[in-house]
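Working notes for the structure below.
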Protein chains: 2
Amino acid sequence: MANIREIAKLANVSVSTVSRVLNKHPYVAEEKRLAVMQAIEKLDYIQNINAVHLSRGKTKTVGVMLPYVNHPYFSSLLEGIGEEALKHEYGLHLFQTAYDPDKEIEALAKMKMRMVDGMIILSRKSSWSKMEEYCLSMPAVICEKLDHPSVSAVFIDHYKAFRQGLDHLLSKGYRRIGYCIARRTGTNSNLRYQAFSEGLAEQNIAVTEDWIFDRCLGIEDGERVARQLYGMAERPDALLVSSDQVAAGIIAEWSKLGLRIPGDLAVLSFDNHPISRALQITTMDLPVNEMGKTAFRLFLERLTSGQVKQMEAEAALIERKTV
Amino acid sequence: MANIREIAKLANVSVSTVSRVLNKHPYVAEEKRLAVMQAIEKLDYIQNINAVHLSRGKTKTVGVMLPYVNHPYFSSLLEGIGEEALKHEYGLHLFQTAYDPDKEIEALAKMKMRMVDGMIILSRKSSWSKMEEYCLSMPAVICEKLDHPSVSAVFIDHYKAFRQGLDHLLSKGYRRIGYCIARRTGTNSNLRYQAFSEGLAEQNIAVTEDWIFDRCLGIEDGERVARQLYGMAERPDALLVSSDQVAAGIIAEWSKLGLRIPGDLAVLSFDNHPISRALQITTMDLPVNEMGKTAFRLFLERLTSGQVKQMEAEAALIERKTV
DNA sequence: TTGTATGCGTTATCAG
DNA sequence: CTGATAACGCATACAA
């Protein structure tokens, strides 16, 4: 494997000159540039990027920490980040954690070894206190409402969004309301519970804990919920569902059971992914791809100008046929 | 930023000793090991992974080239690769290309700079002749039926799978058959066309080019196809659809138009993603997550023992209600 | 079991 | 415009 020194020798110039043509510096004689190019060609020279990283002290790479990639919410976010990163000639290093706190910390530790120039955290399970030291060691962007003076964030206000969904159900006359969510814990989950209970309280309605379903991630979880619901003596008349996928599962299974939507059960979900339009699901639009792009831009801004920003992305109700 | 030398000085040992404890070598006195650990603690030392990469000549990272991540087929594949990579303590560097040949070549070039120890190619647009030199420069795995003596592969035999789907439609009496596919070109697309035309030829049925729809990737494309179909004077009575997502879009739109499945149109798709079960779509199961895991294992095997393997993954018909 | 010296392949500074 | 040389931070062969 030829290196810069051999190129220099063959081209009869110094290594600095070779480095200069490699990096397209100005001020190098056309004649020498050509000689270098020829030597590169002749020796099949390929730059060793690891040496560049070491020498420069940066990698032009951003690390992305996320639980799963096989989920429309995360893959849309990731797609947005990827598009923007590519545009700015940044690489993408993936850290998939499956919400395992140990893996999360391992990922953060790897990144701290200068493997990346900064990080974007899509979702997490670990407590912020355990993560903080890592997030402060480099530019960090997080996709949740985290109010920290040196961590940028782009987020949906899930209190507001959930409340908006709930209020829509209430305005349509539904009173026996439950919801489906991915996890019990986590910033966003807490916010949603709060929105839910406060919204009901204002109407003097008590929360029915049995109508709160967790571990709802994909279509199959929706199917499970529908069957659970079916077996209940006291059923809700409406459900907020934190993901279109889950809503699709509920609706599919529900109609197999011979029940009607929204007659027997109204469903309002979140994401506005294509599946919700296909199935005519009333949903809250979440601009996820755009959030991904914003996340990358925030990272870049933080890296180059040091600026920290918190940006809220707006959710919007899309009325269709399930409420 | 403390480095190994400062640690050595503070701990009163040599840099080699520090390196040894860092790498958990045997044969280092417990006493010195402790001294080193303390120094590390005291100076907040973090290893610089880029220096390690340069020195070792490898990165414990695999590069994954793919067009999109926001698509169940690719994200499942990616998820499988990620799980297996994590298990073997390998990192994952993503190269998203959007099927742009220039970006594909750029990605391959980056990888060749020793950014990764090997690559896994999920799908591509570039011709093999343009990619070959890169794929031979390091262990490479490709997810298609590519018969090359030094490139490992894991693939569905799309000729066989498509043919199996087609034969099922034929056996059920359908004769006016069309299909939906992502792209016109590419190894897999060609294989499918071949399976399609040969399968029909055996029954003395001519191919109707108007019933072949390309650029079908997501639900929205399925909706588009359904509307196109609706406006046709001569309609097919059955459709092979290369992705469950697209099938879901077709079925959703089709029923909005007041037509029946399979009465007015039979649909047989591919993937067996959760959406197909929810909508009771007859589909060919493709073990995509498992293929991802296999892809990583093949990469590792190639890296450590030099072995090249071609592995076929089997598709299987899942009969439900749309045929 | 430990230390010395050298290599890994670039970039960057500074003098010319 | 060009070249010599010192970083960058770590791993490792070899000697002790």
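Numbers restart at 1 for each chain; the letters A, B, ... are given by sequence-line order, proteins then strands.
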Over how many whole Å does the gap from [X] atom [atom1] to [N] atom [atom2] extend?
X       : N      : atom1 : atom2 : answer
B/Lys9  : C/dG3  : NZ    : C1'   : 16 Å
A/Asn3  : C/dT11 : CG    : P     : 12 Å
A/Lys58 : C/dT10 : NZ    : C1'   : 14 Å
B/Arg33 : C/dT2  : CZ    : P     : 12 Å
A/Tyr27 : D/dT2  : OH    : P     : 13 Å
B/Arg56 : D/dA13 : CZ    : P     : 12 Å
A/Ile7  : C/dT11 : CD1   : P     : 13 Å
A/His25 : D/dT2  : NE2   : P     : 13 Å

Original post:
So, does B/Ser75 use its side chain to make a donor-acceptor pair with the main chain of A/Ser75 at under 3.5 Å?
Top reply: no
Original post:
Are any side-chain N or O atoms of A/Ser123 and backbone N or O atoms of A/Leu66, one a donor and one an acceptor, separated by less than 3.5 Å?
Top reply: no
Original post:
In residues 37-54 of chain A, what residues come within less than 4.0 Å of DNA chain C, judged by heavy atoms?
Top reply: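 Contacts with DNA chain C under 4.0 Å: A/Tyr45, A/Ile46, A/Gln47, A/Asn48, A/Ala51, A/Val52.
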**OP:** Looking only at side-chain atoms of B/Ile4, point me to the closest of C/dT10, D/dC10, C/dT1.
**Re:**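 Side chain of B/Ile4 sits closest to D/dC10.
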Subject >> Closest nucleotide among C/dT2, D/dG9, D/dT2 to the B/Arg5 side chain >> reply: D/dG9
Subject >> Test item: side-chain donor near acceptor, B/Gln96 and A/Glu79, under 3.5 Å >> reply: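 Side-chain D/A pair, B/Gln96 to A/Glu79: present.
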**OP:** By nearest nucleotide on DNA chain C, pick out whichever of A/Asn23 and B/Asn12 is the more 5' one.
**Re:** B/Asn12
Original post:
Of B/Val15 and B/Arg114, whose nearest nucleotide on DNA chain C comes first from the 5' end?
Top reply: B/Val15
**OP:** Give a yes or no on whether a salt bridge exists between A/Lys87 and A/Glu84, defined as a side-chain N under 4.0 angstrom from a carboxylate O.
**Re:**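 So A/Lys87 pairs with A/Glu84 through a salt bridge.
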Is there side-chain contact between [X] and [Y], with heavy atoms separated by less than 4.5 Å?
X        : Y        : value
A/Glu312 : A/Phe155 : yes
A/Met65  : A/Ile120 : no
B/Leu78  : B/Val69  : yes

**OP:** Report which part of the nucleic acid A/Ser16 touches: base, sugar-phosphate, or nothing (heavy-atom distance under 4.0 Å, all strands).
**Re:**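 Base, at least one base heavy atom under 4.0 Å.
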**OP:** Under 4.0 Å between any heavy atoms, over every strand shown, what does B/Val18 touch: base, sugar-phosphate, or nothing? Just pick one.
**Re:** nothing
Is there a side-chain contact between [X] and the phosphate of [N], meaning an N or O under 4.0 Å from OP1 or OP2?
X       : N      : value
B/Ser55 : D/dA11 : no
A/Ser14 : D/dT2  : no
B/Thr17 : C/dT2  : no

**OP:** Begin from the C-alpha positions of A/Lys112 and A/Leu108 and carry the test side chain to side chain contact (heavy atoms under 4.5 Å, CB included) through to its verdict.
**Re:** CA-CA 6 Å; A/Lys112 199 176 173 186; A/Leu108 295 172; over 6 Å; no
**OP:** Grab the two heavy atoms, one from A/Arg183 and one from A/Arg124, that are nearest each other, plus how far apart they are.
**Re:**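 Closest heavy-atom pair between A/Arg183 and A/Arg124: NH1-O, 3.2 Å.
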**OP:** Answer yes if the ring centres of A/Tyr68 and A/His71 are under 6.0 angstrom apart, and no otherwise.
**Re:**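 Ring centroids of A/Tyr68 and A/His71 are no less than 6.0 Å from each other.
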**OP:** Kindly say whether, by distance alone, the side chain of B/Arg20 makes a donor-acceptor pair under 3.5 Å with the base of C/dG3?
**Re:** yes
Subject >> Inter-end axis angle, the helix from C/dT1-D/dA16 to C/dG16-D/dC1, with every axis fitted to five base pairs (rounded, 10 degrees) >> reply: 30°
